[in-house]
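Presented below is the structure to which this report refers.
For ligands, and for the atoms within them, numbers begin at 1 and follow the listed sequence.
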Amino acid sequence: MKKICLLFLILPSILIFQSCNNISSSTKTTKNDSNQDANIERKVDSVLALMNLNEKIGQMVQYAASWDVTGPASSEGNKFKEEKLKKGEVGSMLNVTSVKAVREAQKLVMENSRLKIPLIFGYDVIHGYETIFPIPLGESASWDLEIIRKSAEVAAIETSAAGVQWTFAPMLDVSRDARWGRIMEGAGEDPYLSSKIGVARINGFQGDDLSKNNTIAACAKHFAGYGFGEAGRDYNTVNIGEHELHNAVLPPFKAAAEAGVATFMNSFNEIDGIPATASKKLQRDLLKGEWAWNGFVVSDWASIAEMIAHGYAKDKKHAAELALNAGSDMDMESYAYEAELEKLLEENKVKLSDIDDAVRRILRVKFQLGLFDDPYRYCDEEREKNEIYTKEHLEIARDVAKKSIVLLKNDTVTTKKSALLPLSKSVKSIAVIGPLADDKDTPLGNWRGKGKYNSAVSLLEGVKSAAGDDTKIYYEKGIELTSKTVAPGENQFLHLMEFNTTDRSGISAAVAAAKKADVVLLAIGENAFQTGEGRSQTKIGFAGLQQELLEAVYAVNKNVVIVLMNGRPMDITWAAENVPTILECWHLGSQSGFAIADVLFGDYNPSGKLPVSFPYNVGQEPLYYNQKSTGRPMSTQVTYSGYNDAPKVALYPFGHGLSYTNFSYGNVSLDKAEMAKDGEIQVSVNVTNNGTRDGEEVVQLYIRDLVGSLTRPIKELKGFEKTMLKAGESKVISFTINTETLQFYTAKNKWEVEPGDFNVWVGGSSTTKNKAEFVVN
Ligand code: BGC
């Protein structure tokens, strides 16, 4: 409190009164809290009134800690940053982590600048800070909104304990393309699921009170269209129709804005010729206008300056003009605003009111976070010592990880007359084989925050800890997946993958191990750095010698369980056609091996469902379940919309996932067959667990609008419920269909329900045929 009063000694007395009396009140982000909102607005205005132009522009500048666009910054570069911090001409820093580092940077501002406006510190906490959770795509396979919220909450606790109060997450980019490396960072291909999961993550990060010192500001990114880059190539051109943009891409962002996400990040890509960073339509008109959202928009890393390379801005000055006029509030690492905004203002190319609006938005979030109350409120050495990578957090990470696993296939094998999984703990022998079997690093995935190199529990470790004392475990790596692995401390962004391995010398030992074991666990898939930013691929099969290893092992022992570790949908067609059991284990984070063992041995009955379609081969990409019909959907003749050489549907569809028990669905029943446009229909279905084990099922509701002013997808997810059913238990699961369920962005460019015929399905995957019909009048 003392610091705050000191801070405001420079303010006129009326402000001192306001600040010292009101400023420490808790500031909620909940939109209904109008008193607190008004209070913050008054404070924001009073600070803004004191600021000169340089200070205002400074708030719109974000610097990275130690490296810039062209690589590691020189000490000269850092010196320059230090001077700017001291002058109060920087609003934010990214990649400054640890209480010590944050405190030092904050001190430069608080002890030297005129107005002492605290910095906000941002960092990419994508799936955990140091306790690493499954990659977001994997976690999304849990369809469990509460544990997803929980994992973000833990990430917020750890992040804030390290001094940082802003994460650049969640990524809300719907993506339909397995080639795109960043598909690992989102919630998959469906806008409805992505909206629900995005909001769960935002609620986890931000909690119900942003001013608490263990909650952090979230960032809805990348606004917008980034997941639709042509050919799955990162940063690539996006050509998407206006209606598809509204119906497929924007819903998770709208949901995030409504949930009160503190910040947005714009995106690198252009849409229909306009870089998103310069899109007034998206940022000013839609986000800040129509959606009335009041947080701030940070640019993506140098996305303002990159408009020069796009061929949209002629120089940095022009880029700054375009970005500000479009509503980009904070410049991450382009150095464009600090250099050009003053000149642009003098030339009347930008407006002071837009600068003021941007600063107001940035200050608002800083007030909401309580940074004006105490700029060091997140700098607590005790918390840093005690609240990061704790036993409790690791337990939660294990829980999230096991719930993210998807059992893709578990066929009965003739020799056993049952499926391979779950394994009995008294199984005589297990061969644990493969380049990822004892890999302690890959499970951390890309974007692993401060996850320590080689700190994950490997599959082998997990199996050893779960198997009975009498079980023999034979481990063989077989092959190396890559010829270059990431070294401790190596910058992940600079790490290039290489798969030119030719060393087959370990395969014979792997085959020998497979031969003598009752069952083989074969851990293959992708290295951690095959997915993530800048890691698009034209091949999505098993890289390197993995397929060779798979076939060699399978040739001597048919009892193979593939433990798939990956960050994107893969082409696993050969495996699916031959191997009896496939367990999708993504990159599951710190507790990976324990979580996988929980599922392998049946301590946890798998409940995950795919949030993305798995194709037969890469040529089908982009592949997604909620596609349109085309004029030739039939498959009985040559001239239909399919392929000569592959099915047009997925190998494993969206929503698919098996359990160790069986669920059956009764007929879909509706409480009425007709509804008014603004009415409701209750849909219910009886779900039964027919097996002998308890299990959770994700009951999914899909609809189809048969005829529209625009063509509509053949199926759209509009509801789901994850429910536990005891062995033999039946439950009626109900959903309400209403305006929100049925509306879409129509040919009239507005969200509305169009009267007509609809289908509704309820089942355990997007391929369910369990259907009813109704009419909207
Ligand atoms: C990514 C963003 C990220 C930013 C800061 C960019 O390259 O696209 O998602 O938040 O870097 O690290």
Side-chain angles (χ1 to χ4, degrees), residues 61-73 91-97 120-129 135-137 152 155 159 164-175 180-187 198 201-202 205 216-229 232-236 238 252-253 256 261-270 275-277 295-307 309-310 323 328-335 445-451 491-495 529 531-536 567:
V61 171
Q62 185 186 53
Y63 286 158
S66 58
W67 48 288
D68 59 23
V69 207
T70 50
S92 172
M93 295 204 73
L94 77 150
N95 297 345
V96 178
T97 53
I120 174 173
F121 293 87
Y123 187 54
D124 290 280
V125 181
I126 307 298
H127 52 113
Y129 182 78
I135 54 167
L137 184 66
T159 305
V164 175
Q165 58 289 133
W166 179 21
T167 175
F168 305 123
M171 187 186 96
L172 301 176
D173 298 309
V174 167
S175 175
W180 190 46
R182 277 191 108 163
I183 198 169
M184 57 78 64
E185 206 182 328
R201 290 190 170 130
I202 290 162
F205 288 130
I216 60 176
C219 182
K221 73 187 190 185
H222 305 85
F223 197 57
Y226 185 43
F228 276 60
R233 181 149 63 82
D234 211 353
Y235 320 120
N236 205 8
V238 173
F253 290 100
V261 70
T263 69
F264 262 58
M265 184 185 289
N266 60 32
S267 58
F268 287 126
N269 56 282
E270 63 158 81
T277 306
F296 72 85
V297 180
V298 62
S299 80
D300 203 344
W301 184 289
S303 72
I304 298 178
E306 285 180 13
M307 291 198 286
H310 271 288
S328 298
D329 301 312
M330 185 181 273
D331 173 356
M332 181 195 285
E333 280 287 316
S334 281
Y335 306 88
N446 202 337
W447 282 118
R448 74 246 319 250
K450 295 285 171 188
N491 185 334
Q492 61 179 32
F493 286 104
L494 307 175
H495 182 74
F529 297 100
T531 50
E533 186 174 351
R535 285 147 208 280
S536 293

For the residue pair Asn266 and Ser328, what are the closest heavy atoms and their distance?
-> ND2-OG, 2.9 Å
Counting from 1 in the order shown, the ligand 1 atoms closer than 4.0 Å to a non-hydrogen atom of Phe168 are 10 (O)
Over 60° means perpendicular and under 30° means parallel, so classify the ring planes of Phe253 and Phe264, tilted if in between.
-> tilted
Can you find an N/O atom of Trp447 closer than 3.5 Å to an N/O atom of ligand 1?
-> no
Measure the OG1-NZ distance between Thr167 and Lys221 for me, rounded to the nearest 0.5 Å.
-> 7.0 Å
Between Arg201 and Pro136, the two heavy atoms sitting closest are NH2-O, 3.1 Å
Single hit among Phe223, Tyr235, Trp301 for ring pair (Phe, Tyr, Trp, His ring centres under 6.0 Å) with Phe268 = Tyr235
Could you establish whether Phe268 and ligand 1 come within less than 4.0 Å of each other, counting only heavy atoms on the residue side?
-> yes
Taking only heavy atoms of Lys221 into account, list the atoms of ligand 1 that are under 4.0 Å away from them.
-> 2 (C), 3 (C), 9 (O), 10 (O)
Determine, using heavy atoms of Met171 and all atoms of ligand 1, whether some pair is separated by less than 4.0 Å.
-> no
Could you tell me whether Asp300 and ligand 1 have an N or O pair separated by under 3.5 Å?
-> yes
Please determine if Arg182 has a nitrogen or oxygen closer than 3.5 Å to a nitrogen or oxygen of ligand 1.
-> yes
Per-residue contact class, Asn95 against ligand 1 - non-hydrogen pairs under 4.0 Å = neither
Rounded to the nearest 0.5 Å, what's the gap from NE2 on His127 to CG on Leu137? Could you check?
-> 11.0 Å
For ligand 1, find out whether one of its N or O atoms is nearer than 3.5 Å to an N or O atom of Asp124.
-> yes
Could you tell me which non-hydrogen atom of Tyr129 sits nearest to which non-hydrogen atom of Thr97, and how far apart they are?
-> OH-CB, 3.6 Å
Please indicate whether any nitrogen or oxygen in Glu533 is less than 3.5 Å from any nitrogen or oxygen in ligand 1.
-> yes
Against heavy atoms of His222, which atoms of ligand 1 measure under 4.0 Å?
-> 2 (C), 8 (O), 9 (O)
Would you tell me whether Asp173 and Ser175 have side-chain atoms, one donor and one acceptor, within less than 3.5 Å of each other?
-> no
